[in-house]
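To start, the structure under review is shown below, and the notes come after it.
Scope of the values below: all heavy atoms of this structure, side chains included, with no hydrogens, waters or symmetry mates. Everything quoted here is computed from the prediction, not taken from an experiment.
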Amino acid sequence: MHVRKLVGTKLPSIKLRATDGSDVDLSALPGVVVVYAYPRTSPPNEAPIEGWDVIPGARGCTPQSCAFRDHFSELKAVGAQAVFGLSTQSTAFQCEAAERLHLPFSLLSDEQLKLTSALKLPTFTAGGLVLLKRLSMIIRDGAVEYIMFPVCDPAQNAEEVLAYLRQAG
């Protein structure tokens with residue numbers, strides 16, 4: 001399924017572990033929810049996956065997360081009930097990034113690829129890992145309202161989501 005065909009799709013009921021220790025079912029959340037998907041974050045003391053720098057779109061996960069952090073209050077002010085980052089990394093791995101980056105929202109782990117498979121989200125493989133391609137979804141009352149893919153400039157993604165939410169009212 002082409003990712004844009006997800007618009008209008010009701011999300012399946014799948015619980016994802018969040019970095020705050022809760023389980024989140026995106027299909028059950030009321031109102032507007034912003035989910036940005038990113039390949040992976042690397043701790044500052046860890047070398048990137050071999051060849052990471054030559055994979056188109058791989059770099060930029062930290063700037064993307066920081067931009068959503070920096071625009072978090074604005075996103076809430078224009079109607080986002082919640083904001084989440086999403087990757088296929090484990091919650092333990094994500095907790096390091098959430099803490100280091102001082103994120104005011106949780107990161108969700110799709111380590112088992114349940115949501116990724118159910119929605120046929122775009123992925124790539126690097127270092128033996130299945131990773132999400134960068135995208136953002138605006139979900140309203142459990143259904144995909146809008147999807148941004150590809151995300152060409154990760155550092156600008158939060159501003160693009162903000163602009164969409166302002167225009168959508």
Val3 and Val7: same hydrophobic cluster, using ILVMFWY side-chain contacts below 4.5 Å?
-> yes
Thr125 side chain to Gly128 main-chain N or O, any donor-acceptor pair under 3.5 Å?
-> no
Run through the side-chain heavy atoms of Ile, Leu, Val, Met, Phe, Trp and Tyr, join any pair under 4.5 Å, and report what else lands in Val130's cluster.
-> Leu113
Is there a path from Val78 to Phe84 through hydrophobic residues (I, L, V, M, F, W, Y) whose side chains come within less than 4.5 Å of each other?
-> no
For the residue pair Asp110 and Thr88, confirm or rule out a side-chain donor-acceptor distance under 3.5 Å.
-> no
Anything under 3.5 Å between a donor and an acceptor, one on a side chain of residues 31-41, the other on a protein residue two or more places apart or in another chain? List them.
{"unit_1": "Tyr36", "atom_1": "OH", "unit_2": "Ser65", "atom_2": "OG", "d": "2.8"}
{"unit_1": "Arg40", "atom_1": "NH1", "unit_2": "Ser42", "atom_2": "OG", "d": "2.8"}

Check: residues 52-64 side-chain donor-acceptor pairs under 3.5 Å, at least two apart:
{"unit_1": "Asp53", "atom_1": "OD1", "unit_2": "Arg59", "atom_2": "NE", "d": "2.5"}
{"unit_1": "Asp53", "atom_1": "OD1", "unit_2": "Arg59", "atom_2": "NH2", "d": "2.8"}
{"unit_1": "Gln64", "atom_1": "OE1", "unit_2": "Arg134", "atom_2": "NH1", "d": "2.6"}
{"unit_1": "Gln64", "atom_1": "NE2", "unit_2": "Asn157", "atom_2": "OD1", "d": "2.9"}

Any side-chain heavy-atom pair of Ile138 and Ile147 under 4.5 Å = no
Report the residue from Ile14, Val144, Leu11 that forms a side-chain contact (heavy atoms from CB on, under 4.5 Å) with Leu26.
-> Leu11
Should the heavy atoms of other residues, nucleotides or ligands under 6.0 Å from NZ of Lys10 be counted, would the total exceed 12?
-> yes
Close side-chain approach of Arg17 to Leu108, heavy-atom, < 4.5 Å = no
Give the table of side-chain donor-acceptor pairs shorter than 3.5 Å for residues 160-169, with sequence neighbours excluded, one pair per line with atom names and distance.
{"unit_1": "Tyr164", "atom_1": "OH", "unit_2": "Glu145", "atom_2": "OE2", "d": "2.6"}
{"unit_1": "Arg166", "atom_1": "NH2", "unit_2": "Glu74", "atom_2": "OE1", "d": "3.4"}

Find the distance between CD1 (Ile49) and CG (Leu131) and round it off to the nearest 0.5 Å.
-> 5.5 Å
Does the Arg69 side chain pair with the main chain of Pro104, one donor and one acceptor, at a distance under 3.5 Å?
-> no
Heavy-atom pair of closest approach, residues Ala82 and Lys76 = N-NZ, 4.5 Å
Under a 4.5 Å side-chain heavy-atom rule over Ile, Leu, Val, Met, Phe, Trp and Tyr, are Phe93 and Leu132 clustered together?
-> no
Heavy-atom closest pair (Gly8 atom, Ala143 atom, distance to 0.1 Å) is O-CB, 4.4 Å
Connected via hydrophobic side-chain network under 4.5 Å: Phe68 and Leu86 = no
Over all heavy atoms of both residues, which pair between Leu6 and Leu119 is shortest? Give the atoms and the distance, please.
-> CD2-O, 3.5 Å
In terms of heavy-atom contacts, Leu135 and Pro122 come closest through CD2-CD, 3.6 Å
Results of salt bridge (Lys or Arg N to Asp or Glu O under 4.0 Å) for Glu96 - residues two or more places apart only | Arg100
Rounded to the nearest 0.5 Å, what separation is found between the NZ atom of Lys5 and the NZ atom of Lys120?
-> 10.5 Å
Chi angles and distances behind the side-chain contact (heavy atoms from CB on, under 4.5 Å) call for Phe72, Phe105 = CA-CA 8 Å; Phe72 181 70; Phe105 51 84; 3.8 Å; yes
Sequence-distant partners of Arg4, salt bridge (Lys or Arg N to Asp or Glu O under 4.0 Å), two or more places apart = none
Output for pair (Tyr146 OH, Ser136 OG), nearest 0.5 Å, gives 10.0 Å
Nearest atoms (heavy-atom pairs only) where Ser106 meets Thr19 | CA-OG1, 3.4 Å
Heavy-atom pair of closest approach, residues Asp25 and Pro12 | OD1-O, 3.9 Å
Hey, what do you get for CG (Leu75) to CD (Glu159), rounding to the nearest 0.5 Å?
-> 10.0 Å
Student check: side-chain heavy atoms of Ser87 and Leu107 closer than 4.5 Å | no
Tell me, do Val24 and Leu29 make a side-chain contact under 4.5 Å, heavy atoms counted?
-> yes
Evaluate whether atom CD of Glu46 has more than 12 neighbouring non-hydrogen atoms of other residues, nucleotides or ligands under 6.0 angstrom away.
-> yes
